[in-house]
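Right, one structure below, let's go through it.
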Amino acid sequence: MRIVVMGTGPFAVPTCRRLLADGHTVPLVVTRPVANPTAKKQPPRPVFEWATAAGLPIYEPASINAPEAVAELANHKADLFFVCDYGQILSDTCLGAARLGGVNLHGSLLPRHRGAAPVQWALMSGDQVAGVTVIHMTPRLDAGPSLAVAQTDILPDETAEGLEPRLADLGVEATLQAVALLTNWDGKAPLGERQDASLVTKAPRFAKSDGQLDFGKSASQLACQIRACQPWPGTYAQLAWSSGKQLRLLIRAARGFNATLNQLSGAMNGSVVPISASELPEAIRDGSRDWLSPWNRLLAVSTGAGTLLISRVQPAGKREMSVEEFLRGHPLNEPAHFELP
């Protein structure tokens with residue numbers, strides 16, 4: 001099959017490799033152009049780099065729906081477009097430039113988490129399961145019928161940085177299943193399973209402000225936010241000592257627990273106390289032995305519901321470190337709290 005690939009980010013690369021390895025013809029790779037060609041530091045472009053290494057023709061239109069772009073696509077007489085992590089929505093006219101239209105590999109179990117950041121929102125929402133869906137494309141965002149689905153359990157403490165490549169690999173076989181369905185499709189019979197519009201949730205792209213921690217939320221919500229925001233935008237809060245000293249901290253790893261520690265009983269949200277793992281209640285230690293084993297010291301934080309236990313932090317302008325190392329340079333020998341936004 002002649003498949004024009006459209007992608008920019010890393011999520012598309014494992015499937016791109018497999019389509020080429022399985023003998024499909026890739027006459028063109030379409031990727032988004034560099035936003036600022038004069039910038040000294042350019043963002044990574046994994047699909048561009050893959051296509052360059054594979055010796056494939058590359059096309060970088062500012063708008064994929066511009067008449068000249070549609071004409072360029074039509075010239076390549078594709079059977080199918082494979083679209084993943086591209087960053088533009090294809091119009092009806094554009095989709096019509098391929099005999100079978102397009103398939104899109106999306107990083108969620110649609111219709112849940114439609115949008116640009118499905119992996120992050122799966123974690124932010126506290127989902128226990130994540131997955132990928134391959135849809136037959138329509139001009140409405142992520143709204144086409146589902147051709148193939150694959151899912152996996154989200155691992156304890158898994159971050160977006162760890163989950164995303166797992167889902168990208170999971171998408172390879174799902175895409176091949178979708179391509180196989182389309183190979184013998186007559187273009188008339190209904191194909192795939194319609195999405196239930198009543199189950200749609202939105203997954204908009206994160207902004208820097210999504211990393212601000214509000215300790216009025218529950219400990220479990222905060223732990224989900226910390227995992228979802230790795231590696232970007234990262235979660236952060238302002239640590240303030242009673243003496244007036246302040247320090248901006250990135251929170252790199254933490255777990256939330258329903259229980260409120262005796263040391264934080266009656267404390268305001270955001271209050272912080274250092275604690276040894278051995279001082280934690282038995283109920284917490286029993287359920288978290290594997291997680292606690294590397295950490296001798298933790299920061300326990302009072303929240304709107306339960307306790308957040310922080311294990312790794314990064315002071316502003318410094319490297320990431322364990323809480324034990326952080327406390328050697330910044331002892332909490334006076335009352336301290338995280339300031340709320």
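Remark: F48 pairs with no residue by the ring pair (Phe, Tyr, Trp, His ring centres under 6.0 Å) rule, at least two apart or across chains. The salt bridge (charged side-chain N to carboxylate O under 4.0 Å, His left out) search around E193 returns none, not counting sequence neighbours. Taking the salt bridge (charged side-chain N to carboxylate O under 4.0 Å, His left out) definition, one finds that E324 meets it with nothing, sequence neighbours left out. Applying the side chain to side chain contact (heavy atoms under 4.5 Å, CB included) test to A197 and every residue at least two apart in sequence or in another chain returns nothing.
For the pair V301 and I310, the minimum side-chain heavy-atom distance is below 4.5 Å. Taking the side chain as every heavy atom from C-beta outward, L73 and I64 approach each other to under 4.5 Å. With a 4.5 Å cut-off on side-chain heavy atoms, T307 and I284 do not count as touching. Counting heavy atoms from C-beta on, the side chains of T235 and L250 never come closer than 4.5 Å. E164 has its side chain within reach of P10: a pair of non-hydrogen atoms, C-beta onward, lies under 4.5 Å apart. Between H24 and V179, some side-chain heavy-atom pair lies under the 4.5 Å cut-off. Taking the side chain as every heavy atom from C-beta outward, M321 and P315 approach each other to under 4.5 Å.
The pair K245-E334 fails the salt-bridge criterion, with no side-chain N (NZ, NE, NH1 or NH2) lying under 4.0 Å from an Asp/Glu carboxylate O. Salt bridge status for D157 with R227: absent, with no side-chain N to carboxylate O gap under 4.0 Å. For E60 and R32, the salt-bridge test fails: no basic side-chain N is under 4.0 Å from an acidic carboxylate O.
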Using atom types as modelled, flag every donor-acceptor pair under 3.5 Å from a side chain in residues 93-110 to any protein atom, sequence neighbours excluded.
from	atom 1	to	atom 2	distance (Å)
R99	NE	D79	OD1	3.0
R99	NH2	D79	OD1	3.3
N104	ND2	V83	O	2.7
H106	NE2	S108	OG	3.4
H106	NE2	H113	O	2.9
S108	OG	R112	O	2.5
S108	OG	H113	O	3.3

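Checking S322 against E325 by side-chain atom types alone, no donor-acceptor pair falls below 3.5 Å. Side-chain contact check for R166 and T152: at least one donor-acceptor pair (N or O, by modelled atom type) lies under 3.5 Å. Side-chain contact, Q230 with R252: a donor N or O sits under 3.5 Å from an acceptor N or O. In this structure, a donor-acceptor pair under 3.5 Å is present between the side chains of R114 and Q195. No side-chain donor-acceptor contact under 3.5 Å links N65 and S63. Counting only N and O atoms by type, the side chains of E279 and S276 include a donor and acceptor under 3.5 Å apart.
Side chain of Q42 to main chain of A39: a donor-acceptor pair is present (N/O by atom type, distance under 3.5 Å, no hydrogens or angles). Judged by distance alone, with hydrogens and angles left aside, the side-chain atoms of T303 form a donor-acceptor pair with the main-chain N or O of A305 at under 3.5 Å. Between the side chain of D186 and the main chain of A189, a donor-acceptor pair closer than 3.5 Å is present. Judged purely by atom type and a 3.5 angstrom limit, Q225 uses its side chain to pair as donor or acceptor with the backbone of D210.
Among pairs with a residue in residues 240-269, none fulfils ring-ring contact (aromatic ring centres under 6.0 Å, His included), at least two apart in sequence or across chains.
Put simply, CG on L308 and CG on L222 are 5.5 Å apart, with the number rounded to the nearest 0.5 Å.
One hydrophobic cluster holds both L332 and V323 under the rule that ILVMFWY side chains link at heavy-atom gaps under 4.5 Å.
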